[in-house]
Structures are given as structure tokens and as C-alpha cells.
Protein chains: 2
Amino acid sequence: MGQKGEETRNRLLDATQELIEGGGYSGAGLNQVIAASGTPRGSLYFHFPGGKDQMVAESVRRGGREIGRAVEELAEAVPDTASLAVAVLTLLGDRLEASGWRKGCPVATVALEMAATSDPLQEVCSEVYGSWEGMLRDRLAADGHPEAGDVAVTVLALIEGALLLARAHRSREPLDRVARRIVTLL
Amino acid sequence: MGQKGEETRNRLLDATQELIEGGGYSGAGLNQVIAASGTPRGSLYFHFPGGKDQMVAESVRRGGREIGRAVEELAEAVPDTASLAVAVLTLLGDRLEASGWRKGCPVATVALEMAATSDPLQEVCSEVYGSWEGMLRDRLAADGHPEAGDVAVTVLALIEGALLLARAHRSREPLDRVARRIVTLL
DNA sequence: ACCTCATAATAGATCGGTCTACATATTAAA
DNA sequence: TTTAATATGTAGACCGATCTATTATGAGGT
């Protein structure tokens, strides 16, 4: 793949991610993706012969990797898992508020929309969440925490839930409340 | 409104709720709603002159009330808030698994899809979540729990997050793990 | 006769997807 | 080094299906 092709492909994925975060799978209409990315329809099906589902799947995976990397960076700058959780809540809260309550979790909306109807997309979402759970579990186990598996899933659920409530209320309050309380969990 | 009209209206709301739980706002196409409910298209616009958004809004509110009532019933049969939370997780887990991982939270998908684009629907979702938070807060305060506000939001976030992960993984595991850990929060 | 409600035909927009034509590189042969 | 052949992308018209919404008409109960 030449450099030009790579650029076009990335512009498509950028636009898809952006639109997905705002309104999920159905919020990322191909017409919108094309308009936002400035690439013609034909290029889309050249780079993603599997059509919309393939492009969305790659976008979700990409969004998941980006968050994963950001969390790993935070993890190195912080003493324990409790402060990591708070730092993640702050980071995601900033991102959410700065985007006008549009950019929450890049996986959640697609997961809820498509988990029941599309096996491939359900698998992608499950895989991304699984990788995040793994990161948290390893970190907790390294801290010598017992029940690391249960706690990792609980922390992830808490963050995802807080993000959902924050979007629904268009307010940081749920994130702040959870941040205050998450310490007792660890 | 006569009895016949009431029935039609309820059949429409039933179908809308069912479809929304499976795939959110966009998963509830009007063609599917009228096919599932057996009512003609025109009746829909007679009972919901505001169109799809009005019908979805009422469905979400209705779904929220149903869950709210179920939780209130559980609350009477249980000693403290910790066991209430576990009971709710079990109830929702049963519902989710029995529906083939389709019926999770009747609000979450619409909230994530529409919170950024539709003010009226965002308000409805915020209102339903607010009422659930209120129920939990009152219950916690009655137990004499300090920080009832923060804890109520945290418990709700935890349940919503666990439900999201369970749908994404098509597995009860996240619900079970959270149920085991939620006690330490209370 | 009046209001409530049911019914179906249809409009107009938008959906994801396919198709063909064209431009630009890259490689191979002369 | 020029030319031919092939691979890589770009570009947009077009398709059938589906979307939400509107309309006109008439049945049914009070």
C-alpha cells in the first residue's frame, strides 16, 4: 500500500471513529463518513472491501488501542491502581466535556447497538473490553491484590457506567462522584 | 381515548420497547415497529403526532418505570442496600440471558446514541437515570448511610457498566464478578 | 352526525452497496 | 531510456432497499 493510500485509509478511519463516538454505528452513515473525510465512495470500498462493518470494526479496534495506550501511559506516572482509576476518570471526563459530551467510550455505543445482531462486531467489542480487563487485572495482580480478576472487571464496569451517566446527564458529576468512591473498592 | 385506541397505543409502545432494547433508537425502525405490533403506519402518527421521537421517548420512560417498579418490589423483600444491589444484578442478568443477550438496560443504548444529537431524548434519559439515582439515594439515606448521593450514583454506574460488559461479552460473568465485589462498596 | 381511530397508498429523503471510468504509480520489456 | 503492461487508488454516477413522514379515505362507536 502506497503512502497516498495509507493516508486515505486513515482519513476514513478518523472520520468513522469521530462519528461513531458521537452516535454509534448508525450515527456513522457512509455519506457522513465520505463527507467528513473528503474521500469518494469508491475509495472506501477499495480500502474496506467488507463495507461498513469492516470499517467500523477496524475503527472500534483502533479507538480501543488508543484508549489502551493512554491508560498505559497514565499507569507509569501513578503509584497504585486506585490513583490510576481516578486519573483515567479525569482523563475521560476532560475528553468528554471538551467534545461537548460526544466522545465517551469508543466501544460502548457500538456494543449496545450491535452485540445482539452482528457476531463480528460483537466479537470486536468483546475483544477490546477483554484487553482492557487484562491490563487492569495484570496491574492489580502486580500490586499483589487478591481477587484481581473480579476487581478489574468491577473497575472497568464502574468507569463505563460513569461515562454512560455523564453522557446522559451531560455533566461531569457522575464521574466526580464515582472518583470519590472508587477508592473504597481497592 | 377509547379502549381500542389505548390497546393500539400500548401495542406500539410494547413493540418499540422490545426493538429499542435489542438495537437502540436506530434498531427500532418504524417498519419493524408496525410489523411487530400489527398496527398500520397511520395509527402510529395518530397516537404519536410527534413521530418516532415522541414514541421512543415514551417507550424509554415506560421502560424506566417498569425497572423502577421491579426494583422497588425487590427493595421491600431485602434487608439492606447491598443485598438489593445483588438482587437487582441477578434480576437483570436473568432477563438479559433469557432474552439471548438482547434485553439490557432500556435506556442506555438510546442515551449513548442520541444524547449528543437530540435534546428531548437526552432529557428523557437523564430524567430516568435521575429517578433511579433518587430511589437508591433515599434507600441509602434511610439506612443511615453517609455520602448517600455519591454511593447511589456509584452503584447505578456499576450496574449499568456490568450490564454493558455482559452484553458485549454475551456472558453473565461481568454481572457475577461485580455482584461479588459490590458488597465492599457499601 | 360526530369524533375517534384504522388503513393503505405514497412521497421524498437517505441508506449501504455496486459499477464503470479514469488517474497515477510501479514494474517489465525493448 | 523509452515504451508497454500492470497494479494501485481515485472518483462519482447509479441502484434497489429502507427510512420517516404525510395524506386521503372510511369504518365504528357514542
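A note on names: the letters A, B, ... follow the listed sequences, proteins ahead of strands, and every chain is numbered from 1.
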Does the distance from a Lys or Arg side-chain N to an Asp or Glu carboxylate O, for D14(A) and R62(A), drop under 4.0 Å?
-> yes
Residue pair G42(A)/A28(A) against DNA chain C: nearer the 5' end by closest nucleotide is A28(A)
Starting at CZ of F46(B) and ending at C1' of dA27(D), how long is that distance when rounded to a whole Å?
-> 14 Å
Could you state the atom-to-atom distance from CG of N10(A) to C1' of dG9(D) in whole Å?
-> 15 Å
Nearest-Å distance, CG (L44(A)) to C1' (dC14(D))?
-> 16 Å
Where the side chain of P40(B) is concerned, which of dG16(C), dA6(C), dC15(C) is the nearest nucleotide?
-> dA6(C)
Distance check: side-chain N/O of H47(B) vs OP1/OP2 of dT4(C), anything under 4.0 Å?
-> no
Return the value, rounded to whole Å, for the distance between atom CG of L30(A) and atom P of dT18(D).
-> 16 Å
Using 4.0 Å as the upper bound for N to carboxylate O, is an ion pair formed by R102(A) and E21(A)?
-> no
Phosphate OP1/OP2 of dT22(D): any Y45(B) side-chain N/O under 4.0 Å = no
Taken to the nearest whole Å, CZ/R9(A) to C1'/dT10(D) is 16 Å
State whether N31(A) places a side-chain N or O below 4.0 Å from either non-bridging phosphate oxygen (OP1 or OP2) of dC15(C).
-> yes
Looking across every strand, which nucleic acid part, if any, lies under 4.0 Å from G29(A) by heavy atom: base, sugar-phosphate, or nothing?
-> sugar-phosphate
Have E127(A) and H169(B) got a donor and an acceptor in their side chains that come within less than 3.5 Å?
-> no
Would you verify whether the NZ or CZ of K52(B) falls within 45 degrees of the ring axis of Y25(B) while also being under 6.0 Å from that six-membered ring's centre?
-> yes
Here the gap from D53(A) atom CG to D119(A) atom CG, rounded to the nearest 0.5 Å, amounts to 11.0 Å
For atom CZ of R41(B) and atom P of dA11(C), their distance in whole Å = 14 Å
Value in whole Å for how far the P atom of dG12(D) lies from CD1 of I34(A) | 11 Å
Roughly, in whole Å, what's the span from CD in Q54(A) to P in dG16(C)?
-> 15 Å
Candidate nucleotides dC5(C), dT10(D), dA8(C), ranked by approach to the side chain of T8(A) - the nearest | dT10(D)
